[in-house]
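Comments concern the structure below.
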Amino acid sequence: MSDDSLPRVLLVGGVDSSGHSGLDADRAAARAFECEATAVSTAATDQDLFEVRSVEERLLWHREAADALPGASAVKFGLLPGVASIVEAARIVARSRHGAAEVPAVVDPVIASSSGYRFWTEREFAWVRDSLLVSGPILTPNLDELAELAWEDRGSLVGDAERTVRAAERLLEAGVSAVVAKGGHGDPEGPVRDLVLVPGAAPHWIERERVPGDGIRGSGCRFATALSCALARGRALPEAAEAAGAYVASCIRDGAAGDQASR
């Protein structure tokens with residue numbers, strides 16, 4: 001039963017057969033931020049903690065998403081496994097931004113799995129740049145994803161704040177409405193520094209202590225959903241990004257504590 005008192009967030013993404021990322025992680029983040037979640041699956045993945053073995057794109061998911069968009073306070077996109085999904089996501093983002101009431105649309109650009117499985121080839125990248133970015137989403141790349149989308153070498157932005165800002169500016173020029181670049185893949189010896197960049201404003205940096213450990217699966221999913229939920233609750237983008245980062249840090253901290261307890 002839905003709770004009409006809670007903001008409703010539309011979550012679009014893949015189903016992880018291991019249950020650690022994708023829509024399972026999205027739902028957990030929505031619960032933590034006290035938002036009602038409407039989930040629409042774009043694909044089913046066969047994976048475990050070590051590798052992604054296959055991805056099966058789900059046809060016509062966009063019809064469910066379009067039907068669920070009215071009344072949503074925010075929408076978040078995760079895995080978009082092919083050109084058709086990328087194009088349909090762009091249409092929904094455009095609709096969310098130009099309807100009777102603008103709805104924040106967050107896109108987590110899932111380019112590759114942590115084990116190295118590539119979801120996007122150059123063909124998908126072309127459509128991302130030509131349709132999805134120009135539709136105006138709020139983009140939440142990690143540093144590697146930001147580098148690839150901005151035509152930089154992977155890993156080239158680590159420890160280089162000026163170059164990171166320039167890469168984010170290129171995405172603004174391509175059409176995105178804002179970039180929230182996650183710093184978890186930055187210098188492992190230093191703090192985490194997330195960048196929030198919107199057109200016409202100075203770069204806004206959010207710094208927090210790095211939590212020791214190897215991180216958790218689905219951290220990008222959790223961050224983007226937490227950001228969407230905070231925006232759905234009326235927070236400004238920098239404040240929402242800070243809340244999302246703090247939430248992911250707490251998940252990593254709790255996961256590390258659980259690992260220690262199980263040994």
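These numbers come from the heavy atoms of this one structure, side chains and all, not from hydrogens, waters or symmetry mates. Residues: numbered from 1 along the sequence shown. All values derive from a computational prediction rather than experimental measurement.
Between Pro109 and Trp120, the closest side-chain pair of non-hydrogen atoms falls below 4.5 Å. The shortest side-chain heavy-atom distance between Val83 and Glu124 falls under the 4.5 Å cut-off. The shortest distance between side-chain heavy atoms of Leu237 and Leu227 falls below 4.5 Å. Side-chain contact between Leu6 and Cys35 is absent, with no heavy atoms from C-beta onward closer than 4.5 Å. At a threshold of 4.5 Å between non-hydrogen side-chain atoms, the residues Trp127 and Leu80 do not count as touching. In this structure, Leu60 and His62 have side chains that are in contact, with non-hydrogen atoms separated by less than 4.5 Å.
Glu51 CD: more than 12 foreign heavy atoms inside a 6.0 Å radius. Sparse packing is recorded around CD of Glu242, with 12 or fewer heavy atoms of other residues, nucleotides or ligands lying under 6.0 Å away. Within a 6.0 Å radius of CZ in Arg53, more than 12 heavy atoms belonging to other residues, nucleotides or ligands are found.
Across all their heavy atoms, Asp16 and Asp24 have their closest contact at O-OD2, 4.0 Å. Contact record, Ala43 with Pro81: CB-CG, 3.8 Å, taken as the closest heavy-atom pair. Of all heavy-atom pairs between Gly183 and Asp194, the closest is N-OD1, 2.7 Å. The two residues Ala65 and Leu10 come nearest to each other via the heavy atoms O-CD2, 3.5 Å. The shortest non-hydrogen separation linking Leu172 to Pro199 is CD1-N, 3.8 Å. Nearest approach of Ser73 to Pro104, heavy atoms of both residues: O-CD, 3.3 Å.
By the criterion of side-chain heavy atoms lying less than 4.5 angstrom apart, applied directly or through intervening Ile, Leu, Val, Met, Phe, Trp or Tyr residues, Leu146 is grouped together with Leu149 in one hydrophobic cluster. With hydrophobic clusters built from ILVMFWY side chains whose heavy atoms lie under 4.5 angstrom apart, Val180 does not share a cluster with Ile111. Val110 and Phe223 fall into different hydrophobic clusters, where Ile, Leu, Val, Met, Phe, Trp and Tyr residues are linked whenever their side-chain heavy atoms come under 4.5 Å apart, directly or through other members. Side-chain heavy atoms closer than 4.5 Å link hydrophobic residues (I, L, V, M, F, W, Y) into clusters, and following such links, possibly through other members, connects Val93 to Leu171. Taking hydrophobic clusters as Ile, Leu, Val, Met, Phe, Trp and Tyr residues chained together by side-chain heavy-atom distances below 4.5 Å, Leu133 shares a cluster with Phe119.
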Go through Tyr247 and Thr225 one step at a time and tell me if the side chain to side chain contact (heavy atoms under 4.5 Å, CB included) criterion holds. CA-CA 11 Å; Tyr247 167 69; Thr225 298; over 6 Å; no
Steps toward side chain to side chain contact (heavy atoms under 4.5 Å, CB included) verdict (Ser177, Ile138): CA-CA 6 Å; Ser177 61; Ile138 299 167; 3.7 Å; yes
Working for side chain to side chain contact (heavy atoms under 4.5 Å, CB included), residues Glu152 and Arg163: CA-CA 10 Å; Glu152 298 273 1; Arg163 194 169 183 176; 2.7 Å; yes
Would Arg97 and Val103 count as a side chain to side chain contact (heavy atoms under 4.5 Å, CB included) if you check the C-alpha gap in whole Å, the side-chain angles of each, and the deciding distance to 0.1 Å? CA-CA 6 Å; Arg97 298 189 66 237; Val103 175; over 6 Å; no
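How far CD of Glu57 is from OG of Ser41: 10.5 Å, rounded to the nearest 0.5 Å. Here the straight-line distance linking atom OG of Ser135 with atom NE2 of His98 works out to 8.0 Å at 0.5 Å rounding. Taking CD1 from Ile252 and CZ from Arg210, the interatomic distance works out to 9.0 Å, rounded to the nearest 0.5 Å. Rounded to the nearest 0.5 Å, atoms CD (Glu239) and CG (Leu231) are 10.0 Å apart. Taking CD from Glu64 and OG1 from Thr42, the interatomic distance works out to 11.0 Å, rounded to the nearest 0.5 Å. Within the model, atoms OH of Tyr117 and OG of Ser54 stand 7.0 Å from one another, a figure rounded to the nearest 0.5 Å.
No donor-acceptor pair closer than 3.5 Å links the side chain of Arg27 to the backbone N or O of Leu11. With hydrogens and angles disregarded, no donor-acceptor distance shorter than 3.5 Å links the side chain of Glu148 to the backbone of Glu145.
A salt bridge between Glu173 and Arg170 is absent, with no side-chain N of the basic residue lying under 4.0 Å from a carboxylate O of the acidic one. Ion pairing between a basic and an acidic side chain is recognised when a charged N comes within 4.0 Å of a carboxylate O; Asp160 and Arg166 show no such pairing.
For the side-chain hydrogen bond (donor to acceptor under 3.5 Å, both in side chains) with Lys76, the lone residue among Asp26, Thr140, Asp108 that qualifies is Asp26.
Residues Arg8 and Thr38 bring a donor and an acceptor atom of their side chains to less than 3.5 Å of each other.
Every residue meeting the side-chain hydrogen bond (donor to acceptor under 3.5 Å, both in side chains) condition with Trp61, not counting sequence neighbours, appears here in chain and number order: Ser85. Remark: Glu122 pairs with no residue by the salt bridge (charged side-chain N to carboxylate O under 4.0 Å, His left out) rule, at least two apart or across chains.
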